[in-house]
Amino acid sequence: MTTKKWGHDELAHDLAEHLRRNTARICWEDMQLGPAGTCRPDVYAMAHSYSKFCPIVYEVKVSISDFRADVTVGKYTKYFKYAGGVVFAVPEGLLKKGDIPDGCGLMIRKDTGWHTLKGPTMRQVDNLPRDAWMKLLMDGMTRQAERTQIKSRVLNTYFIDQTLMKRHGNDIAELVCRAYRARENLERSVVELENRRNKIQEESREEAERRRQRYSQAQDSLNEAQRDLAKTLGLPPDTTIHNLTRAVWDATRRLAGDEEVKRLRQVLSRLESALTEGMKKLPGEGVVCQQN
């Protein structure tokens, strides 16, 4: 049983590379066969032959639950519009031949590579829908150009290394290799910085949202205090700030000009004067009388 833990996309790419290297097939990975809503096989392969038109869909699964969910709803049957056969591709030990729906094939990925346990029953496919051809042609050419550029860079680096080693020795070749590696590291750093910048922006948005919530809570508290004050002054709870301010000033003026308040102030003033006068010493107080 295989010991490697495969991810879905990693396993699909590994299968596509196996088919490209070991079979005369053109392969597309995760290519939607038309407009939105149409099928999107994990790997779509077509024999490089003018006489035998027999495209095959490879459905990659890395979990039992995913496999059973698709088989239960019959998702794989939708591929027969675009392919003569459907093959399930899984890590070794995940599925057995008896688990596979009738007419479908099974390939397993061992540590030693891909192996076919069951071939699919091939159906006749005369042609593909126009949208599918357009998708395979236009998007497929773009992806192939990108793959070619990547492979070209790798091969160029290798041949440059070998040529420099022959001409100038290991020292200069090592310096050039370092330069290439430095460029690759720089490109990775740029990507990491971009990801970090996006993360900081996301955190900034979250902090702004927290500030907005705090402001909203403070505003709610202020509104509650305003309603209480309006109630105390005999105003409607939803009165405007302008009306509330005027009412406060009016109440202040009434308190300042209230006749009863003035009268009380005068009484207090007189009491204070009387107390002050009473505290004074009486005439002769404190003089000691002498006896004859």
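In what follows, every heavy atom counts, from backbone to side chain, and hydrogens, waters and symmetry copies are set aside.
- The shortest distance between side-chain heavy atoms of Pro91 and Leu11 falls below 4.5 Å.
- Residue pairs that meet the salt bridge (Lys or Arg N to Asp or Glu O under 4.0 Å) test with at least one member in residues 57-72, sequence neighbours left out, are Glu59-Lys61, Glu59-Lys75, Lys61-Asp66, Lys61-Asp70, Asp70-Lys75.
- Arg211 pairs by the side chain to side chain donor-acceptor pair (under 3.5 Å) definition with nothing, not counting sequence neighbours.
- Atom CG of Leu94 is separated from atom CH2 of Trp6 by 14.0 Å, given to the nearest 0.5 angstrom.
- Side-chain contact between His115 and Met107 is absent, with no heavy-atom pair separated by less than 4.5 Å.
- The distance from atom CG of Leu106 to atom CG of Asp99, rounded to the nearest 0.5 Å, is 8.5 Å.
- The side chain to side chain donor-acceptor pair (under 3.5 Å) test applied to Arg210 returns Glu207, not counting sequence neighbours.
- Judged as a side chain to side chain donor-acceptor pair (under 3.5 Å), and not counting sequence neighbours, the contacts of Asn22 are His18.
- Residue Met31 comes nearest to Pro41 through the heavy atom pair O-CD, 3.3 Å, listed as atom of the first residue, atom of the second, then distance.
- The side chain to side chain contact (heavy atoms under 4.5 Å, CB included) check on Thr77 picks up Phe80, with sequence neighbours excluded.
- Residues Arg40 and Glu29 are not paired through a salt bridge, judged by the lack of any N-O separation under 4.0 Å between the basic side chain and the carboxylate.
- In plain terms, the two heavy atoms of Lys4 and Asp111 that are nearest each other are N-OD1, 4.2 Å.
- Contact of the Cys104 side chain with the Val87 side chain is not registered, since no non-hydrogen atoms from C-beta on lie closer than 4.5 Å.
- In this view, Asp14 and Arg109 satisfy the salt bridge (Lys or Arg N to Asp or Glu O under 4.0 Å) rule, not counting sequence neighbours.
- Side-chain atoms of Lys81 and Pro129, non-hydrogen and from C-beta on, do get closer than 4.5 Å to each other.
- Residues Ala16 and Cys27 come closest through the heavy atom pair O-SG, 4.1 Å.
- Within the model, atoms CG of Leu128 and CG of Leu136 stand 6.5 Å from one another, a figure rounded to the nearest 0.5 Å.
- Applying the side chain to side chain contact (heavy atoms under 4.5 Å, CB included) rule to Arg196 yields the partners Leu193, Ile200; only residues at least two apart in sequence or on another chain are considered.
- When the ring pair (Phe, Tyr, Trp, His ring centres under 6.0 Å) test is applied to Tyr79, no partner is found at least two apart in sequence or on another chain.
- Atoms OG1 and CG, on Thr240 and Leu235 in that order, are 9.0 Å from each other to the nearest 0.5 Å.
- Under the salt bridge (Lys or Arg N to Asp or Glu O under 4.0 Å) criterion, Arg197 pairs with Glu194, not counting sequence neighbours.
- Within the structure, the salt bridge (Lys or Arg N to Asp or Glu O under 4.0 Å) test picks out no pair touching residues 118-132 (sequence neighbours left out).
- By the ring pair (Phe, Tyr, Trp, His ring centres under 6.0 Å) test, Tyr58 pairs with no residue at all, sequence neighbours left out.
- A donor-acceptor contact shorter than 3.5 Å is absent between the side chain of Trp28 and the backbone of Val43.
- Pairs engaging residues 82-106 under the ring-ring contact (aromatic ring centres under 6.0 Å, His included) rule: Phe67-Phe88 [sequence neighbours left out].
- Shown here for Val57 and Tyr44, the closest heavy-atom pair between the two residues is CG2-CD1, 3.7 Å.
- Residues Val60 and Asp9 have side chains not in contact (no heavy-atom distance under 4.5 Å, counting atoms from C-beta outward).
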